[in-house]
Student: 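After the structure tokens below, expect a handful of questions from me.
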There are 2 protein chains.
Amino acid sequence: MRADAKQNYEQLLLVAHEVVAEQGVEASLRDIARRANVGWATLLRHFPTREALLDDLLKERLHTLTLSASMLEASESPSQALVIWLRQAVAFVDVYSGIVTMMASSLSDTESALHSSCVELRKAGARLLERAQLAKVARNDLNGEDLFALIGALGWIGDQSHFAHRSNLLFSVVAGAIFIDGAVADHPALSDT
Amino acid sequence: MRADAKQNYEQLLLVAHEVVAEQGVEASLRDIARRANVGWATLLRHFPTREALLDDLLKERLHTLTLSASMLEASESPSQALVIWLRQAVAFVDVYSGIVTMMASSLSDTESALHSSCVELRKAGARLLERAQLAKVARNDLNGEDLFALIGALGWIGDQSHFAHRSNLLFSVVAGAIFIDGAVADHPALSDT
DNA sequence: ACCTGAACACCGTTCAAGT
DNA sequence: ACCTGAACACCGTTCAAGT
């Protein structure tokens with residue numbers, strides 16, 4: 001990448017993060033280009049679709065999240081590992097409002113620039129879920145898609161300003177439902193404080 | 001209302017239902033006016049905001065849902081009544097994709113044309129929840145807002161084509177989490193078939 | 001009273017020119 | 001190679017005319 005191109009790219013990412021964090025994933029791309037002092041068509045060539053921009057915005061943090069899943073796989077308690085990771089995943093999607101809807105549709109859209117990132121996320125969760133199922137602490141009728149769906153559902157709740165202040169409690173309600181009765185009764189990670 | 005006005009109004013509602021059921025709540029209003037063979041500005045005067053249109057589209061079915069809540073309040077089992085009503089509520093929001101997000105924001109926006117309808121819905125659920133709590137079968141730390149949030153979360157899952165085929169299972173997972181362990185173990189309404 | 005088109009400021013898509 | 005403005009077809013908002 002040429003030097004001026006690289007500078008444009010990085011300035012765009014910086015501004016895009018600010019604007020999207022403030023206004024959500026449907027923020028005006030034209031507005032982002034204006035605030036970044038970059039030509040409108042330049043943004044479109046760096047990021048041919050909205051999904052491509054979001055993918056680049058999420059890349060680093062997504063990598064951190066999947067790394068965290070790998071670490072947690074080696075931890076002592078399969079149920080606690082899953083709960084801790086779920087909390088991280090919900091915090092991850094909380095950064096940009098509307099991102100869960102975009103990710104959910106990208107999961108089934110092979111052509112989306114976000115697709116492979118979403119598959120990665122699902123796989124990371126699925127591994128932790130399967131470990132908990134083998135340990136007989138998580139419901140056996142759930143799979144990686146369901147985990148993704150529940151993270152999305154909690155992310156949706158966090159997106160609604162009217163519900164956001166209850167999202168900690170609702171996290172513990174929904175996350176707790178993934179486990180078999182009593183299996184996580186002694187896990188402080190599920191208490192709501 | 002003048003005769004021609006009334007005819008326009010009803011034609012608009014008819015077409016709007018079709019288009020919104022197909023494309024979701026963000027469907028083009030201009031397109032609806034075109035398909036209804038009605039002047040564009042005419043739609044805007046009948047429905048000054050998108051929320052006003054949706055409110056009229058939902059009114060009948062919402063009334064049915066609140067009536068159902070009243071009936072269920074007189075039924076034998078408080079827990080079963082709540083589960084049955086929750087299923088109806090999720091089916092209600094399933095008709096228009098994106099409606100849960102619009103309703104969630106209307107719940108805190110007193111100016112929205114949908115506001116009072118949303119409050120009605122929350123109240124109907126809250127009454128059934130409180131009855132179940134008094135009977136010691138539902139978690140005591142949840143309130144009407146939480147119930148609305150969980151209905152919205154399940155509605156969001158139903159909106160995503162990739163997750164919709166799991167929504168029955170996920171309903172039983174999330175709805176089951178509202179109750180105290182074992183309180184609904186014998187309720188066929190929570191089985192996933 | 002009610003209906004209607006048109007002007008306006010936005011959006012994302014596409015493309016032909018610039019350096 | 002990369003950047004850029006402009007034309008295009010849409011959107012919702014507003015308003016001045018029509019019958």
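Atom set for the values below is all heavy atoms of this structure, side chains included, hydrogens, waters and symmetry mates excluded. Protein chains get the first letters and strands the later ones, always in sequence-line order, with residue 1 at the start of each.
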Student: For A:Leu29 and C:dG12, what is the distance between atoms CG and P respectively, to the nearest whole Å?
Tutor: 5 Å

Student: Tell me the interatomic distance from B:Leu54, atom CG, to D:dG12, atom C1', rounded to whole angstroms.
Tutor: 15 Å

Student: Tell me whether the side-chain N/O atoms of A:Arg50 come closer than 4.0 Å to OP1 or OP2 in C:dG12.
Tutor: yes

Student: Which part of the nucleic acid does A:Arg45 contact within heavy-atom distance under 4.0 Å: base, sugar-phosphate only, or nothing?
Tutor: base

Student: Please test B:Asp55 against B:Ser117 for side chain to side chain donor-acceptor pair (under 3.5 Å), starting from the C-alpha separation and ending with a verdict.
Tutor: CA-CA 7 Å; B:Asp55 193 43; B:Ser117 289; 2.7 Å; yes

Student: D:dC3 phosphate, OP1 or OP2: any side-chain N/O from A:Asn8 under 4.0 angstrom?
Tutor: yes

Student: Answer whether the closest heavy-atom distance between the side chains of A:Leu72 and A:Gln88 falls below 4.5 Å.
Tutor: yes

Student: Taking only the side-chain nitrogens and oxygens of A:Arg34, find out if one of them lies under 4.0 Å from OP1 or OP2 of C:dC11.
Tutor: yes

Student: Pick the closest DNA chain C nucleotide for A:Ala27 and for A:Ala41 by heavy atoms, then say which residue is nearer the 5' end.
Tutor: A:Ala27

Student: May I have the distance from B:Leu53 (atom CG) to D:dC11 (atom P), rounded to whole angstrom?
Tutor: 15 Å

Student: Using the side-chain heavy atoms of A:Thr42, tell me which of these nucleotides is nearest: D:dT4, C:dT13, D:dG12.
Tutor: D:dT4

Student: The test is side chain to side chain contact (heavy atoms under 4.5 Å, CB included); show your working for B:Val83 and B:Phe179 and say whether it passes.
Tutor: CA-CA 10 Å; B:Val83 171; B:Phe179 297 93; 3.4 Å; yes

Student: What's the closest nucleotide to the side chain of B:Ala5 if the choices are C:dC2, D:dA7, D:dT4?
Tutor: C:dC2

Student: Report the residue (A:Arg30 or A:Asn37) whose heavy-atom-nearest nucleotide on DNA chain D is the more 5′ of the two.
Tutor: A:Asn37

Student: Nearest whole Å is fine: how far is D:dC3 P from A:Leu44 CG?
Tutor: 12 Å

Student: Categorize B:Ser28 for me: base, sugar-phosphate, or nothing, with a 4.0 angstrom heavy-atom threshold over every strand shown.
Tutor: sugar-phosphate

Student: Could you give the CD-to-P distance, from B:Gln7 to C:dC2, as a whole number of Å?
Tutor: 14 Å

Student: Is there a Watson-Crick or G-U wobble partner for C:dA1 with both distances under 3.5 Å, and if so, which one is it?
Tutor: D:dT19

Student: Can you find a side chain N or O atom of A:His46 that sits less than 4.0 Å from OP1 or OP2 on D:dC3?
Tutor: yes

Student: Round to a whole Å and report the spacing from CG of B:Asp31 to P of D:dA9.
Tutor: 17 Å

Student: With both distances under 3.5 angstrom, what nucleotide forms a Watson-Crick or G-U wobble pair with D:dA6?
Tutor: C:dT14

Student: Over how many whole Å does the gap from A:Leu43 atom CG to C:dT13 atom C1' extend?
Tutor: 13 Å

Student: How close or far is atom C1' of C:dG12 from atom CZ of A:Phe47, stated in whole angstroms?
Tutor: 16 Å

Student: For A:Gln7, I'd like to know if atom CD has over 12 heavy atoms of other residues, nucleotides or ligands within 6.0 Å.
Tutor: no

Student: Can you check whether A:Phe163's main-chain N or O pairs, donor with acceptor, with A:Ser167's side chain at less than 3.5 Å?
Tutor: no

